[in-house]
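As a basis for the values below, the full set of heavy atoms in this structure was taken, side chains included, without hydrogen atoms, waters or symmetry mates.
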Amino acid sequence: MDNPDDNEIDLVDAPAEWQAGQAALSDDAATGASDRLPESAGMAEDRPEEDEPGRGMGSHLEELRRRLIISLAVFVPLFVVGVVLYQRLWDMIIFPLERAAPHLLRFQALGPSDGLVMAMRIAFAFALFLSLPVWLSQLWNFVAPGLTARERRWLYLSLGSGTLLFLLGASLAYFIGIPLALEFLLPFNQSLAGWENAFTGIGYVDFVITCCAGFGLAFELPLVMLALGVAGVLTPEGLRQWWRAVLLLIFVAAAMMTPPDPFTQLMLALPMLTLFGLGYMLVKWVHRGEGE
């Protein structure tokens with residue numbers, strides 16, 4: 001049997017280089033073990049916790065609430081300004097009627113609160129129109145993180161152009177559409193059954209706001225078609241195939257976005273047909289660019 005003391009003697013008598021190599025291997029093993037333990041512990045500590053059920057939806061709702069608060073923070077002061085400037089805004093609203101039939105500027109009130117209700121509606125429309133860019137920008141900031149870079153570029157272009165097109169449509173209704181509609185409708189009322197034209201303030205304000213909002217929304221048609229074309233929902237071939245149904249939808253939309261009279265609806269439907277043609281060209285351009 002080997003004597004344990006012989007191993008000790010052999011280790012002591014071994015060359016110095018061999019002893020240094022064994023010592024280095026021992027140090028490396030010890031160092032590796034000590035390094036691996038903190039690393040694995042650190043990985044466990046740095047690993048993000050999985051989202052709890054409903055936590056992602058809660059963050060989205062919180063972001064949406066914050067965007068709404070920002071928009072309302074702009075809308076509410078504008079509403080107050082609209083109430084203060086009520087008389088000047090009223091003078092602007094009756095301008096088309098003053099051009100078409102100045103003898104009808106005497107309005108009737110059917111209830112004690114009609115004046116207050118009319119002032120609130122004017123202030124609301126004023127604040128909504130002026131705060132539209134803020135609402136659109138907050139919508140952009142809410143949906144942009146979930147879009148690709150290409151989709152964000154198209155959306156950014158659509159938001160900027162959409163505001164200009166809405167204001168263009170509302171201006172067209174105010175300066176051209178409403179005066180022409182009044183010049184046609186007022187004599188038509190008298191010739192139809194001998195009716196006397198007499199307006200309530202609320203009825204006339206609703207007529208003006210509906211026309212301006214309807215024309216403004218109608219002018220968004222090319223951008224809607226462009227967005228659907230980018231998403232692949234609309235194609236030039238599909239639009240050519242369903243043009244009859246599109247024509248019917250345009251007239252139905254014009255009837256829904258304007259007061260219930262055929263002349264005003266026709267005045268909106270004709271520009272919408274032109275805008276549809278522009279939207280078709282945009283969709284065709286988008287698909288041609290993708291093909292290239």
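In this structure, CD in Q138 is found 4.5 Å from CD1 in I70, a value given to the nearest 0.5 Å. Expressed to the nearest 0.5 Å, how far CZ of R65 lies from CD1 of I69 amounts to 4.0 Å. In this structure, CG in N197 is found 4.5 Å from CG in L186, a value given to the nearest 0.5 Å. Between L167 atom CG and F129 atom CZ the span is 9.0 Å, to the nearest 0.5 Å. Here Y86 contributes atom OH and L116 contributes atom CG; the two are 9.5 Å apart, rounded to the nearest 0.5 Å. With values rounded to the nearest 0.5 angstrom, F95 atom CZ is found 6.0 Å from Y174 atom OH.
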- Message: Walk me through whether L168 and L164 qualify under side chain to side chain contact (heavy atoms under 4.5 Å, CB included).
- Response: CA-CA 6 Å; L168 179 61; L164 295 178; over 6 Å; no
- Could you go step by step and tell me if L221 and L278 meet the side chain to side chain contact (heavy atoms under 4.5 Å, CB included) rule? CA-CA 9 Å; L221 180 60; L278 176 60; over 6 Å; no
- Task: Please step through side chain to side chain contact (heavy atoms under 4.5 Å, CB included) for the pair V283 and L226, ending with a clear verdict.
- Result: CA-CA 6 Å; V283 172; L226 175 62; 5.7 Å; no
- Query: Taking it one step at a time, do W135 and L72 satisfy side chain to side chain contact (heavy atoms under 4.5 Å, CB included)?
  - Reply: CA-CA 9 Å; W135 290 94; L72 290 175; 4.0 Å; yes
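Counting heavy atoms from C-beta outward, V81 and P77 have side chains that stay 4.5 Å or more apart. Counting heavy atoms from C-beta outward, T274 and L270 have side chains that stay 4.5 Å or more apart. In this structure the side chain of V117 reaches within 4.5 angstrom of the side chain of R121, judged on heavy atoms. Side-chain contact between S161 and L223 is present, with heavy atoms from C-beta onward closer than 4.5 Å. Counting only heavy atoms from C-beta outward, the side chains of P179 and L97 never approach each other to under 4.5 Å. With contacts defined as side-chain heavy-atom distances shorter than 4.5 Å, the pair V83/M120 qualifies. Put simply, the side chain of Y204 reaches to within 4.5 Å of the side chain of I93, judged on heavy atoms.
L247 and L249 are not part of a single hydrophobic cluster, where members link through side-chain heavy atoms under 4.5 Å apart. Clustering ILVMFWY residues whenever any of their side-chain heavy atoms sit less than 4.5 angstrom apart, transitively, puts M225 in a cluster other than the one holding W242.
Salt bridge status for E63 with R67: present, with a side-chain N to carboxylate O gap under 4.0 Å.
Aromatic ring centroids of F166 and F219 lie 6.0 Å or more apart. For F124 and F75, the ring centers sit closer than 6.0 Å to each other. Two rings, from W90 and F107, have their centers less than 6.0 Å apart.
Shortest non-hydrogen contact noted between P236 and Y280 is O-CE1, 3.7 Å. Here the closest non-hydrogen pair linking P187 and L182 is CD-O, 3.9 Å. Of all non-hydrogen atoms in C212 and I178, the two that sit nearest each other are SG-CD1, 4.2 Å.
Applying the 6.0 Å contact sphere to CD of E196 captures no more than 12 heavy atoms from other residues, nucleotides or ligands.
Between the side chain of S131 and the main chain of V134, no donor-acceptor pair closer than 3.5 Å is present. D206 places no side-chain N or O within donor-acceptor distance of the main-chain N or O of G203, the cut-off being under 3.5 Å.
Under the salt bridge (charged side-chain N to carboxylate O under 4.0 Å, His left out) criterion, no residue pair touches residues 81-91, with sequence neighbours excluded.
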